[in-house]
J.: 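The following block contains the structure, expressed as structure tokens.
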There are 2 protein chains.
Amino acid sequence: MTERPPTLDAVAQRAGVSTGTVSRVLNNAQHVSQKARQAVERAIEELGYVPNTAARSLAARRRGAVVLAISSEDPALTANLFFAEVITGVNAVIEETDLQLLLVLAASQRGQDRFTRVLHAADGVLLLALREHDPLSKLAADSGLPVVHGGQPLGHTPRHYVDADNRGGARLATEHLISLGRRRIATITGGTDQQVALARHLGYREALALAGLSEKRLAHGDFTESGGAAAMTRLLAEHPDLDAVFVASDAMAAGALDVLRERGRRVPEEVAVVGFNDIVTAQHTQPALTTVRQPIEALGREMTRMLIRLINGEQPTSLILPTELIRRDSA
Amino acid sequence: MTERPPTLDAVAQRAGVSTGTVSRVLNNAQHVSQKARQAVERAIEELGYVPNTAARSLAARRRGAVVLAISSEDPALTANLFFAEVITGVNAVIEETDLQLLLVLAASQRGQDRFTRVLHAADGVLLLALREHDPLSKLAADSGLPVVHGGQPLGHTPRHYVDADNRGGARLATEHLISLGRRRIATITGGTDQQVALARHLGYREALALAGLSEKRLAHGDFTESGGAAAMTRLLAEHPDLDAVFVASDAMAAGALDVLRERGRRVPEEVAVVGFNDIVTAQHTQPALTTVRQPIEALGREMTRMLIRLINGEQPTSLILPTELIRRDSA
DNA sequence: TTGAAAGCGCTAACAT
DNA sequence: ATGTTAGCGCTTTCAA
């Protein structure tokens with residue numbers, strides 16, 4: 001009933017060569033005559049031979065896979081397109097190789113147990129876990145495998161990471177507001193427990209400091225829309241004179257725009273607003289949101305390239321990818 | 001330097017039993033004494049033993065993995081959150097098992113070659129490929145592995161699939177418009193080359209037919225925002241008397257709303273609009289979009305459950321998951 | 001209930 | 001340049 005797939009031995013027999021030769025052809029080693037190589041290739045074709053990955057990795061002590069682990073504790077990762085885009089980038093690079101992509105969304109404790117086992121089946125780890133002390137970070141580090149982080153967790157800077165230039169992007173956004181003639185520029189931050197939030201706040205402060213403007217107009221959000229609305233409400237109460245707001249995420253900016261509209265503050269005439277991330281929704285807010293775009297797919301690609309280098313024993317250096325201001329109507 | 005992980009043999013030695021016994025404990029077979037079992041478990045604990053998946057699958061002729069293959073030819077899959085949500089659902093079920101999740105976004109020809117090899121490392125396939133004659137479908141079918149489709153490709157109904165009730169949802173939406181007193185109800189379809197588009201059109205027609213209303217107000221879109229705008233423009237030109245539109249996707253509905261606003265048609269007073277999918281953006285259109293929500297995460301979950309049943313030799317039946325009307329301001 | 005041993009399909013080291 | 005062979009770490013008969 002269950003036809004067994006052809007083995008390497010079968011190929012060798014068919015081609016009239018030894019298994020060693022077949023193996024050499026498969027791993028395109030040198031030291032194989034044209035003749036032998038062709039015979040093997042024909043036999044492979046005729047038999048429809050496909051190497052058995054399990055046997056291969058057992059014998060070669062390679063595992064032929066990388067794992068992409070996403071800490072789904074982090075609602076920000078799953079909420080927006082972030083995660084889908086990163087995957088697309090990762091996949092694009094993986095596709096060029098013989099590696100397989102193992103995906104783990106580790107939420108539960110159960111998931112973490114699994115994670116350990118998955119690690120034992122991989123040659124390296126791509127990690128998206130931005131919270132401080134995420135258990136995945138530790139498990140990955142303990143595994144001894146090469147690990148590349150996406151973004152920098154708060155607290156410690158990972159050995160190898162790829163991050164978007166959050167600070168630079170925030171500075172870009174704020175400088176844009178300044179160039180518009182705004183002088184009483186507030187900010188809504190993403191909280192204080194995440195590195196992205198801090199980096200964006202820092203970029204905002206840098207820009208203001210360089211221009212000699214006050215940084216006192218500040219409210220903390222939590223990267224959610226309702227959090228953004230609440231923060232905007234507070235800002236308006238405490239600093240009714242503000243003429244611009246740099247909001248650390250588009251979701252929060254959407255909430256802030258709602259509040260501004262309710263309060264009758266015209267955007268951008270009276271209050272200019274810039275967001276961050278360029279989520280799809282940014283095109284549909286009223287008015288359309290000026291924002292900072294991160295190269296998320298590129299982030300996935302570069303993470304994967306870096307991991308492959310690490311697996312090959314090279315020592316790549318961490319990367320910060322540039323962000324870009326997308327001008328729309330809100331500023 | 002490179003510490004080798006402990007093997008099953010090491011565990012056996014430590015526990016003072018044979019490798020056979022350790023293996024039995026690992027696969028929690030019967031016929032193992034309490035004493036032996038405990039000794040093995042202690043040894044595993046002490047040594048920090050983790051089974052080698054490659055060796056295991058080689059010996060057992062199981063592969064311990066399923067592949068989730070997404071045809072990224074299909075922009076609709078990658079564009080919205082669809083794909084991220086499906087993955088979340090798939091992951092949730094996989095997490096309960098010992099299976100690993102292999103991810104393939106197969107766009108290029110190169111990707112398809114890889115796909116074949118990945119198939120040989122898996123026990124089953126979850127397939128998201130909605131276009132007719134998608135090469136992935138054929139490759140998966142040829143592999144002889146159990147395959148579960150998400151959605152139904154046009155042309156042939158797969159043996160095993162999970163789909164959202166597109167027809168029912170469209171009917172729900174249209175009946176809602178009728179209940180609002182609308183009688184000249186138009187539709188913007190998603191084209192004619194995709195099963196979802198057809199199913200939604202069918203639901204629309206059913207509702208109208210049952211109410212004895214005309215189905216003549218029709219324009220084809222392509223599931224994109226600009227396509228929706230263009231279709232709305234045509235509709236307005238050909239049927240200026242329309243008082244409602246059922247739009248087969250939210251993206252198209254967003255485009256349609258833009259056109260209606262430009263033309264000065266008030267929504268929902270003069271023209272009521274219902275979309276489909278409940279993408280995040282639906283909450284941010286002007287006015288907020290009434291739409292039909294699909295249980296996408298559940299789709300991923302049910303697909304995976306079905307695949308696991310197939311792998312275990314059961315014969316599950318295909319599934320259609322209910323959709324739900326989300327009322328907002330546009331109808 | 002347990003132990004012993006023969007592979008699973010491949011790679012790599014060693015011969016030739 | 002090619003053949004030979006001993007494993008890789010596990011499961012699974014078959015005996016005991």
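Computed from a prediction, not measured in an experiment: that's the story for all the values here. Side-chain atoms are counted along with the backbone in the values below, which use heavy atoms only and exclude waters and symmetry mates. Per chain, numbering begins at 1; letters A, B, ... match sequence-line order.
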J.: Specify the separation, in whole Å, of atom CZ of B:Arg63 and atom C1' of D:dC10.
T.: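 In whole Å, D:dC10 C1' and B:Arg63 CZ are 17 Å from each other.
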
J.: Nearest to the side chain of A:Arg4, which nucleotide is it out of C:dC8, D:dT11, D:dG9?
T.: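 The closest nucleotide is C:dC8.
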
J.: Nearest whole angstrom, please: distance from the C1' of D:dT2 to the NE2 of A:His31.
T.: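 Taking atom C1' of D:dT2 as the reference, NE2 of A:His31 is at 11 Å.
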
J.: Is it the case that D:dG7 (base atoms only) and A:Arg61 (side chain only) share a donor and an acceptor within less than 3.5 Å, ignoring hydrogens and angles?
T.: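 A donor-acceptor contact between them is absent.
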
J.: What's A:Ala36 touching, base or sugar-phosphate or nothing? Going by heavy atoms closer than 4.0 Å.
T.: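 A:Ala36: backbone/sugar contact only, no base atoms under 4.0 Å.
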
J.: Measure the distance from CG on A:Leu58 to C1' on C:dT11 and round it to the nearest whole Å.
T.: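 From A:Leu58 CG to C:dT11 C1': 10 Å.
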
J.: So what does B:Ser23 hit on the nucleic acid, given a heavy-atom distance under 4.0 Å: a base, only sugar-phosphate, or nothing?
T.: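 Base contact - B:Ser23 has a heavy atom under 4.0 Å of at least one base atom.
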
J.: For the pair made of CG in A:Leu26 and P in C:dG9, what is the distance, rounded to whole Å?
T.: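 Spelled out: CG on A:Leu26 to P on C:dG9 is 15 Å.
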
J.: Rounded to the nearest angstrom, tell me the gap between atom NE2 in A:His120 and atom P in D:dC10.
T.: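 The distance from NE2 of A:His120 to P of D:dC10 comes to 11 Å, rounded to the nearest Å.
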
J.: Quick one: is C:dG9 close enough that its OP1 or OP2 comes under 4.0 Å of any side-chain N or O from A:Thr7?
T.: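 A:Thr7 to C:dG9 OP1/OP2: no side-chain N or O under 4.0 Å.
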
J.: I want to confirm an ordering. Mapping B:Ala59 and B:Gly16 to their closest nucleotides on DNA chain C, which one lands closer to the 5' end?
T.: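 Its nearest nucleotide being more 5', the pick is B:Gly16.
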
J.: Do B:Thr53 and A:His120 come close enough that some side-chain heavy atom pair is under 4.5 Å?
T.: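 Side chain of B:Thr53 against side chain of A:His120, heavy atoms only: no contact under 4.5 Å found.
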
J.: Rounded off to whole Å, could you give me the CG-to-P distance for the B:Asn52 and C:dC8 pair?
T.: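 So the CG-P distance, B:Asn52 to C:dC8, works out to 18 Å.
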
J.: Taking only the side-chain nitrogens and oxygens of B:Ser33, find out if one of them lies under 4.0 Å from OP1 or OP2 of C:dT2.
T.: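 So the side-chain polar atoms of B:Ser33 do come within 4.0 Å of the phosphate oxygens OP1 or OP2 of C:dT2, strictly under.
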
J.: Ignoring backbone atoms, test whether B:Thr21 places a side-chain nitrogen or oxygen under 4.0 Å from the OP1 or OP2 oxygen of C:dG3.
T.: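 Answer is yes, contact under 4.0 Å.
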
J.: Return yes when atom CD of B:Glu45 has more than 12 non-hydrogen atoms of other residues, nucleotides or ligands closer than 6.0 Å, and no otherwise.
T.: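 Counting neighbours around CD of B:Glu45, 12 or fewer heavy atoms of other residues, nucleotides or ligands fall under 6.0 Å, so no.
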
J.: With a sphere of 6.0 Å drawn around CD of A:Glu297, does it hold more than 12 non-hydrogen atoms of other residues, nucleotides or ligands?
T.: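 Yes - once you tally the heavy atoms of other residues, nucleotides and ligands closer than 6.0 Å, there are more than 12.
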
J.: Need to verify one output field. Residue with the more 5' nearest nucleotide on DNA chain D, B:Arg24 or B:Ala54?
T.: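 This one resolves to B:Ala54.
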
J.: Would you mind reading off the distance between A:Asn28 atom CG and C:dT11 atom C1', rounded to a whole angstrom?
T.: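 Answer to the nearest Å: 15 Å.
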
J.: Can a side-chain donor-acceptor contact be found between B:Asp134 and B:Ser71 if the only test is distance below 3.5 angstrom?
T.: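 Yes - a donor-acceptor pair under 3.5 Å links their side chains.
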
J.: Without decimals, in angstroms, what is the distance between B:Asp9 CG and D:dC8 P?
T.: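 These atoms are roughly 9 Å apart.
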
J.: Would you mind telling me which of B:Ile87, B:Leu103, B:Leu307 makes a side-chain contact (heavy atoms from CB on, under 4.5 Å) with B:Leu126?
T.: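 Among the candidates, only B:Leu307 passes.
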
J.: Hey, which sits more toward the 5' end of DNA chain C by its nearest nucleotide, B:Gln34 or A:Pro6?
T.: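 Its nucleotide being nearer the 5' end, the pick is B:Gln34.
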
J.: The side chain of A:Leu8 is closest to which nucleotide in this list: C:dC10, D:dG3, D:dT11?
T.: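 Nearest to the side-chain atoms of A:Leu8, counting from C-beta on, is C:dC10.
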
J.: Quick one: label A:Thr19 by what it contacts on the DNA or RNA (base, sugar-phosphate, nothing), any heavy atom closer than 4.0 Å.
T.: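 Result for A:Thr19 = base.
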
